[in-house]
Amino acid sequence: MASADARTDTAVRRRDVVVATLTAIVGVGLLLSLPAIDAADPDGASLGVPALGRDQGTGGWWLLLVVLLAQSAALVPVRRMPGSVLVATAVLALLPAAVSGPLYGLSALPVGVAVVLLVLTVPPLSRWAALGGAAVLVAAGVTVNSSTAYGAPVVAGVGQGLLQAVGVIALPLLATLVVRSRREVTTARRDEQRALVAEHQAMVDATLSRERAAMARELHDIAAHHLSGIALMAGVVDRQIDTEPDKAHAGVRQVRAQSTAVLDDLRRLVGLLRDDTTAERSVETFATIPALVDRAPVEAAYSVLTDHPEAPVGAGVGPLAQLAAYRTVQEALTNAATHATGALCTVQVDDRSPDRVTIVVHNDAPTRASTGHPAVPPTSSGGFGLVGMRERADLVGADLSYGPASDGGWDVRLVLPRDGSTP
């Protein structure tokens with residue numbers, strides 16, 4: 001960053017030197033070319049136009065030459081002190097006012113350049129004193145020159161001085177203000193574009209963050225559900241392998257089925273993240289909840305309360321809300337297998353209300369001693385499953401509640417609004 005600033009400062013200084021050099025070349029070039037200009041207009045003298053080159057080599061001519069070079073040199077530090085440079089060029093212009101005759105107008109060139117550079121460097125209102133002072137100095141110089149070179153009355157000289165001040169100060173000021181305003185508009189548009197790009201990038205980052213969170217929930221739900229069942233069944237197989245080999249073999253087949261299921265689900269999820277494959281994703285809805293209950297890692301039962309048995313369960317509930325319902329039931333069954341080993345679970349879907357669907361997952365108190373089922377080792381999720389259920393419910397505008405039941409078990413209750421309803 002420091003090196004970039006140093007390069008920028010060096011480039012600015014070089015531009016200032018180039019501008020000062022060009023101003024000197026133009027001013028001195030005009031001064032030297034005046035005899036040629038007179039020669040190109042031989043009829044000017046007969047019309048009363050003074051010969052501008054007649055004073056070449058006089059003291060006033062040499063003084064004006066020195067002043068033009070000094071004014072041009074004064075333009076070099078204009079970026080650091082624009083107001084001071086403008087006043088300095090106007091003060092230097094006063095020196096040849098009384099002796100340069102009709103050539104005096106050339107001294108206005110560096111003053112006009114200083115005005116342009118000032119407006120391009122800083123807001124002109126912040127240097128109003130310098131602009132006003134320069135205008136007064138220009139007017140004073142022209143008044144003195146008119147009185148000495150042409151013998152004009154003071155009033156006429158003042159009038160000419162004011163006109164010269166307008167031409168040298170006001171007109172460059174207005175023209176450069178237009179340029180500055182256009183430059184500021186361009187800068188503002190560029191900044192606006194950058195802000196829009198940054199806003200778009202922020203929205204993309206936020207979307208990616210939400211997608212990552214959704215993928216994390218999906219991975220948690222898939223892995224926790226299947227792996228909890230695998231751990232539970234592996235513990236049962238371990239106790240039955242010597243005493244009940246047939247049941248142990250059946251348990252091993254269930255472990256294999258659960259392992260295949262988790263691999264298939266993870267493969268589909270990973271396939272969604274790849275650009276070079278087309279992954280088919282199973283649709284989790286109310287219709288797939290019975291199958292989920294059948295392969296749950298706990299003993300579970302499913303029931304539906306409805307006044308219209310011919311209609312599909314959960315009609316009017318959007319697909320995202322149905323996915324949230326599926327994952328909530330899945331997480332509740334997984335938690336029951338983890339924390340209430342041997343308990344009976346019931347999944348009840350109440351589809352009788354016209355504006356909402358209520359799902360209640362209840363598990364009894366743990367009965368590990370009566371069933372002989374070993375406990376599933378506690379996970380390190382730190383309650384992330386409940387957090388995931390809450391996030392899903394909030395996402396679809398559902399009402400989620402959970403807590404101990406009166407019989408010592410645990411209830412998870414999810415109320416989903418139908419389309420156009422609130423829970």
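Given the structure is predicted, the values throughout are model-derived calculations rather than measurements.
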Chemist: Quick one, Pro404 and Trp410 - any side-chain contact, counting heavy atoms below 4.5 Å?
Modeler: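 Touching, per the 4.5 Å side-chain cut-off.
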Chemist: Is there side-chain contact between Leu75 and Thr89, with at least one heavy-atom pair below 4.5 Å?
Modeler: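 Leu75 reaches Thr89 side chain to side chain.
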Chemist: Is Arg183 reaching over with its side chain to a backbone N or O of Leu120, donor-acceptor style, under 3.5 angstrom?
Modeler: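 Checking the backbone N and O of Leu120 against the side chain of Arg183, a donor-acceptor pair under 3.5 Å is found.
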Chemist: A side-chain contact here means heavy atoms from C-beta on lying under 4.5 Å apart; do Val18 and Arg15 qualify?
Modeler: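 Val18 does not reach Arg15 side chain to side chain.
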Chemist: I need the Asp191 CG to Arg189 CZ distance, nearest 0.5 Å.
Modeler: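 These two atoms lie 12.5 Å from each other.
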Chemist: Taking all heavy atoms of Ala393 and all of Leu414, pick out the closest pair and write down the distance.
Modeler: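 Reported closest heavy-atom pair: CB-CD1, 4.0 Å.
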Chemist: Quick one, Ser72 and Thr21 - any side-chain contact, counting heavy atoms below 4.5 Å?
Modeler: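 Answer no - side chains too far apart.
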Chemist: Tell me if a side-chain donor or acceptor on Arg180 pairs with a main-chain N or O of Val119 at a distance below 3.5 Å.
Modeler: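 At least one qualifying donor-acceptor pair exists.
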Chemist: Between Cys345 and Asn363, what is the shortest heavy-atom contact and its length?
Modeler: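 Closest approach of Cys345 to Asn363: SG-CB, 3.4 Å.
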Chemist: Would you give the length of the straight line joining atom CG of Leu65 to atom CG of Leu103, rounded to the nearest 0.5 angstrom?
Modeler: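 Between Leu65 CG and Leu103 CG, I get 11.0 Å after rounding to 0.5 Å.
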Chemist: Should Arg418 and Asp351 be marked as a salt bridge (Lys or Arg N to Asp or Glu O under 4.0 Å) after you check the CA-CA gap, both sets of side-chain angles, and the distance that decides it?
Modeler: CA-CA 10 Å; Arg418 301 185 195 270; Asp351 197 25; 2.6 Å; yes
Chemist: How far does CE of Met389 sit from OG of Ser401, to the nearest 0.5 angstrom?
Modeler: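 If I round to the nearest 0.5 Å, the distance is 10.5 Å.
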Chemist: What are the two closest non-hydrogen atoms of Leu64 and Tyr104, and how far apart are they?
Modeler: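 Taking every non-hydrogen atom into account, CD2-N, 4.5 Å.
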Chemist: Within this structure, what is the OG1-CD distance for the pair Thr187 and Glu192, rounded to the nearest 0.5 Å?
Modeler: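 Output value for this atom pair is 12.5 Å.
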Chemist: Begin with the C-alpha distance, continue with both residues' side-chain angles, and end with the deciding distance and a verdict on side chain to side chain contact (heavy atoms under 4.5 Å, CB included) for Trp61 and Val99.
Modeler: CA-CA 8 Å; Trp61 186 90; Val99 296; over 6 Å; no
Chemist: When you measure from the side chain of Asn145 to the backbone of Ala97, do you find a donor-acceptor pair of N or O atoms at a distance under 3.5 Å?
Modeler: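 Judged by distance alone, yes, a pair lies under 3.5 Å.
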Chemist: Would you say the side chain of Thr328 lies within less than 4.5 Å of the side chain of Val412, judging by non-hydrogen atoms?
Modeler: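 Result yes, sub-4.5 Å side-chain heavy-atom pair found.
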Chemist: So, does Ser146 use its side chain to make a donor-acceptor pair with the main chain of Thr143 at under 3.5 Å?
Modeler: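 Judged by distance alone, no pair lies under 3.5 Å.
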Chemist: How long is the gap from CG on Leu333 to CZ on Arg295, to the nearest 0.5 Å?
Modeler: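 So the gap between those two atoms works out to 10.5 Å.
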Chemist: Can you check whether Ser107's main-chain N or O pairs, donor with acceptor, with Gln71's side chain at less than 3.5 Å?
Modeler: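 A pair under 3.5 Å: yes.
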Chemist: Using atom types as modelled and distance alone, determine if a side-chain donor or acceptor of Gln348 lies under 3.5 Å from a backbone N or O of Leu305.
Modeler: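 Judged by distance alone, no pair lies under 3.5 Å.
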Chemist: Using every non-hydrogen atom in the two residues, find where Pro172 and Val115 come nearest and quote the distance to one decimal.
Modeler: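 Minimum heavy-atom contact is CB-CG1, 4.0 Å.
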Chemist: For Arg390 and Leu400, indicate whether the former's side chain and the latter's backbone hold a donor-acceptor pair under 3.5 Å.
Modeler: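 Between the backbone of Leu400 and the side chain of Arg390 there is a qualifying donor-acceptor contact (under 3.5 Å).
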Chemist: Show your reasoning for whether side chain to side chain contact (heavy atoms under 4.5 Å, CB included) applies to Arg190 and Thr186.
Modeler: CA-CA 6 Å; Arg190 188 183 301 112; Thr186 302; 3.6 Å; yes
Chemist: Do NZ/NE/NH1/NH2 and the carboxylate oxygens of Asp350 and Arg352 come within less than 4.0 Å?
Modeler: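 Answer for the salt bridge query: yes.
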Chemist: Using a 3.5 Å distance criterion without hydrogens, assess whether the side chain of Ser84 forms a donor-acceptor pair with backbone atoms of Met81.
Modeler: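 A pair under 3.5 Å: no.
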Chemist: Can any side-chain N or O of Thr288 pair as donor or acceptor with the backbone N or O of Glu284 at less than 3.5 Å?
Modeler: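 No; zero donor-acceptor contacts below 3.5 Å.
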Chemist: Do Gln330 and Arg327 pair up side chain to side chain, a donor and an acceptor below 3.5 Å, judged on atom types alone?
Modeler: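 A pair is found: one side chain offers a donor N or O, the other an acceptor, under 3.5 Å apart.
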Chemist: What is the minimum heavy-atom distance between Ala405 and Asp411, and which atoms define it?
Modeler: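 Between these two residues, the closest heavy atoms are CB-OD2, 3.5 Å.
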Chemist: Looking at every non-hydrogen atom in both residues, tell me the closest pair between Gln322 and Val317 and how far apart they are.
Modeler: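 Heavy atoms only, the tightest pair is NE2-O, 3.0 Å.
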Chemist: Does Val67 reach the side chain of Trp62, with side-chain heavy atoms less than 4.5 Å apart?
Modeler: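 No. Closest side-chain heavy atoms not under 4.5 Å.
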Chemist: Would you say Arg413 has more than 12 foreign heavy atoms packed within less than 6.0 Å of its CZ?
Modeler: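 Atom CZ in Arg413 is not packed in, count stays at 12 or less.
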Chemist: Are Pro110 and Leu68 close enough that some pair of their side-chain heavy atoms sits under 4.5 Å apart?
Modeler: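 When only atoms from C-beta onward are counted, Leu68 and Pro110 do touch, with a gap below 4.5 Å.
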Chemist: Distance-only, no hydrogens or angles: does the Tyr302 side chain make a donor-acceptor pair with backbone N or O of Asp294 under 3.5 Å?
Modeler: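 Checked: no pair found.
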Chemist: Evaluate side chain to side chain contact (heavy atoms under 4.5 Å, CB included) for Ile169 paired with Val111, printing each intermediate quantity in order.
Modeler: CA-CA 8 Å; Ile169 303 297; Val111 180; 3.9 Å; yes
Chemist: Do the non-hydrogen side-chain atoms of Leu118 and Val78 ever get within less than 4.5 Å of each other?
Modeler: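 No, side chains not in contact.
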Chemist: To the closest 0.5 Å, what do you measure between OG (Ser33) and CG (Leu31)?
Modeler: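 Going from OG on Ser33 over to CG on Leu31, the span is 8.0 Å.
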Chemist: Between Ser303 and Val347, does the side chain to side chain contact (heavy atoms under 4.5 Å, CB included) criterion hold? Intermediate values first, please.
Modeler: CA-CA 6 Å; Ser303 63; Val347 179; over 6 Å; no
